[in-house]
Amino acid sequence: MKKIRFMDVSFRDGFQSCYGARVKTADFIPALEAAVQAGTDNFEIGGGARFQSLYFYCQEDAFDMMDAARRIVGPDINLQTLSRGANVVGLVSQSRDIIDLHARMFKKHGITTIRNFDALMDVRNIAYSGQCIHNAGLKHQVVIALMGLPPGLKETYCHTPQFYLDKLREILDAGIPFDSVAFKDASGATTPVVVYETIKGARKMLPEGTVIEFHTHDTAGMGVACNYAAIEGGADIIDLAMAPVSGGTAEVDILTMWHRLRGTDYTLDIDHEKYIEVEGLFMNQMEKYYMPPEAKEVNPLIPFSPMPGGALTANTQMMRDTNTLHLFPEVIRNMREVVAKGGFGSSVTPVSQFYFQQAFANTVQGPWKKITESYGKMVLGYFGRTPAEPDPEVVRLASEQLGLQPTTEDVHDINDRNPELGIACNRQLLEKAGLPVTEENIFISATCGAKGISFLKGDKPLGIRFKADVEAEAAAKAAPKNASSPTASTAKPAKSSMSNYIITVDGKSYNVSVAEGTGAVKSAAPAVTAAAAPQGQSACEGTPVETSLPGTVMAIEVEVGDTVREGDDVVIIEAMKMESPVKAPKSGKVVSIDVAVGDTVATGDALLYIV
């Protein structure tokens, strides 16, 4: 009987898939310790979205989290993190010196292995980072990124077993040092047949004794079947998770997979009673956290519009933050076209986020009216070669809107020339902010941007959704409004008292604003332009500067009294991890600013006024 090893991904991908990566360290450490005592010796502990999220939402330092985990598990347990090739642990691709710094810092803070992938499967993007990981004394797990294509497409090569084996051959021919190979399907949309044929072919191709690991999510309901296909194909390790962060958008549960292997020629070789106890403890530890219902659902649309489990809940959490969750089904439907026209890069972060951002923009602003910066740069080649040629019309639009020409240049060379990337630039940012210039802080600044600098300066907003908070919000919304208040007729309503919806009539999209609690339609306008001006405009003079996207105010670039020119950036709005400038519609003087940094705004809200 063959023993199948497993990596417990609960404390990285489980958190990312089920809680949008927003979990405090002290709350999971007891479960980590109990899992070690039960016999687990292999954990995914950080990287991916669980690096930025600690600074953005959890009021914690990711390096402190890694140190704490190493203290708990001792020196011999494998602690593994996830890296996105040239992007390391962010959405922005980095210069070579930051990529090297990533490996050295993670080694310093107790990591054993880094799983290293490129969503576009451009081998150039994992060659340098892989060498850095190896040079730092870490184990390098190189990745083949899988994705099931939606049916009905004309593509016959990308994301087939032959495509994956050809990419593996490129890795071998490039001489990239690695200690193991992972086949990673972030969306869970690859069929069991493709999984089996790919891993079986890789087993024949790889040197004898090479460890093969398989990773998938249960978002499309195929996790158990694909894991078993991988085992039969020759995988040595599969990725599993513990309740409450197992199943649905996350990975198959350890106990579920143990049960599936009963009576076969394979075994996880665990004491199931111990794991029942550990999962009970873990569920108790996580009880206070709000888990969105979509985190635990099997979504039958995922094979048609591949959205990674690790990104789905993170995005729905952000949509809740900006009151746009009602748009989620349409955004998912729009992803199919975005993936096909974008060149079929694997739907895994950061590319999955580029897809989602573009699908979100297509939903809110109209199909292909606005090419988002990251998606546009991807189709133009600034993040590497896509598996297939992107749609020529989308490439043309991206080139026109971004003012960039298509390129085939190595992304590392592009980034090394960029004065806004690299150690020197981020050292200057730290010095300007009066912050200690340590290698850790340089890396935080490079990967987390302005939010990282704010964190280091002590600005640490809490963005975790706890059950109690969600229940209180629901109770407040359900509470009857006090219409007899003497100020009820004159008080200015908060922006959150309006709900915005995209309504499609005869093929045209309209933004409809509805007063909360009344059902009364306050405005309706074409979605591509903007909804009617918000309450309170009549008291202001001048031309309103309105946002065409719902989101959070990240920066205000002007002050009252400033003179601006038409087209100047005046406010920066963040939506779906995408920063979008709001431009002045006319030249003039700023007479009022109606928002503050951190405010949540809806489509059509007036941000400021110009005369």
I'd like to check [X] versus [Y] (side-chain heavy atoms, cut-off strictly below 4.5 Å). Are they in contact?
X      : Y      : result
Ile254 : Asp8   : yes
Phe344 : Leu153 : yes
Ile4   : Ile237 : no
Ile133 : Phe106 : no
Val211 : Gln141 : no
Ile111 : Gln80  : no

Say you draw a straight line from [atom1] of [X] to [atom2] of [Y]; how long is it, rounded to the nearest 0.5 Å?
X      : Y      : atom1 : atom2 : value
Asn426 : Phe443 : CG    : CZ    : 10.5 Å
Gln37  : Ile72  : CD    : CD1   : 9.5 Å
Glu251 : Met7   : CD    : CE    : 8.5 Å
Glu294 : Thr249 : CD    : OG1   : 8.0 Å
Met286 : Ser10  : CE    : OG    : 10.0 Å
Leu165 : Lys204 : CG    : NZ    : 10.0 Å

Carefully, step by step, assess Glu232 and Tyr266 under the rule side-chain contact (heavy atoms from CB on, under 4.5 Å). CA-CA 9 Å; Glu232 293 228 292; Tyr266 311 102; 3.8 Å; yes
Reference residue Phe6; test side-chain contact (heavy atoms from CB on, under 4.5 Å); the match among Asn227, Ile270, Asp239: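 One option only clears the test, and that one is Ile270.
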Can you see whether [X] engages [Y] through a side-chain donor-acceptor pair at a distance of less than 3.5 angstrom?
X      : Y      : value
Asn299 : Thr219 : no
Asp67  : His109 : yes
Arg12  : Ser17  : no
Ser93  : Asn415 : yes
Asn78  : Thr113 : yes
Thr267 : Asp269 : no
His217 : Asp13  : yes
Tyr157 : Asp166 : yes

For the pair [X] and [Y], find out whether any cationic side-chain nitrogen is under 4.0 Å from an anionic carboxylate oxygen.
X      : Y      : result
Lys274 : Glu277 : no
Arg115 : Glu213 : yes
Arg385 : Asp118 : no
Asp413 : Arg96  : yes
Glu440 : Lys108 : yes
Glu33  : Arg71  : no

Pair Gln357, Thr372 - check side chain to side chain donor-acceptor pair (under 3.5 Å), show working. CA-CA 7 Å; Gln357 289 168 352; Thr372 62; 4.5 Å; no
Does the [X] side chain pair with the main chain of [Y], one donor and one acceptor, at a distance under 3.5 Å?
X      : Y      : result
Ser95  : Asp416 : no
Thr210 : Pro207 : yes
Asp236 : Ile212 : yes
Thr81  : Ile114 : no
Thr447 : Val89  : no
Asn125 : Phe383 : yes
Tyr355 : Pro350 : no
Glu60  : Thr25  : yes
Arg70  : Gly74  : yes
Lys184 : Phe214 : no

Derivation and outcome, salt bridge (charged side-chain N to carboxylate O under 4.0 Å, His left out), residues Lys200 and Glu197: CA-CA 5 Å; Lys200 183 179 179 181; Glu197 292 180 355; over 6 Å; no
Determine the minimum heavy-atom distance between [X] and [Y], stating which atoms define it.
X      : Y      : result
His159 : Gly345 : NE2-C, 4.3 Å
Tyr275 : Gly39  : OH-C, 3.6 Å
Gly223 : Val252 : C-CG2, 3.5 Å
Arg124 : Thr408 : NH1-O, 3.1 Å
Ala229 : Pro192 : CB-O, 3.4 Å
Gln52  : Gly90  : NE2-CA, 3.7 Å

Which of parallel (below 30°), tilted (30 to 60°) and perpendicular (above 60°) describes Phe15 and Tyr19?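 Rings of Phe15 and Tyr19: tilted, as their planes differ by 30° to 60°.
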For the residue pair His412 and Tyr128, is the inter-centroid distance of their aromatic rings smaller than 6.0 Å?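 Yes, close enough.
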Stacked cation flag Arg22 on Tyr57, 6.0 angstrom / 45 deg: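 Positive - Arg22 is close enough to the ring of Tyr57 and near enough to its axis.
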Glu409/Arg417 under salt bridge (charged side-chain N to carboxylate O under 4.0 Å, His left out): CA gap, chis, key distance, verdict: CA-CA 12 Å; Glu409 190 177 6; Arg417 291 197 306 270; 2.7 Å; yes
Does Asp185 form a side chain to side chain donor-acceptor pair (under 3.5 Å) with His215? I'd like the steps, not just the answer. CA-CA 6 Å; Asp185 181 13; His215 170 101; over 6 Å; no
Check against ring-ring contact (aromatic ring centres under 6.0 Å, His included), Phe28 and Phe282: CA-CA 7 Å; Phe28 77 80; Phe282 193 22; 8.1 Å; no
Tell me, with the steps shown, if Leu240 and Trp258 meet side-chain contact (heavy atoms from CB on, under 4.5 Å). CA-CA 10 Å; Leu240 302 172; Trp258 169 82; over 6 Å; no
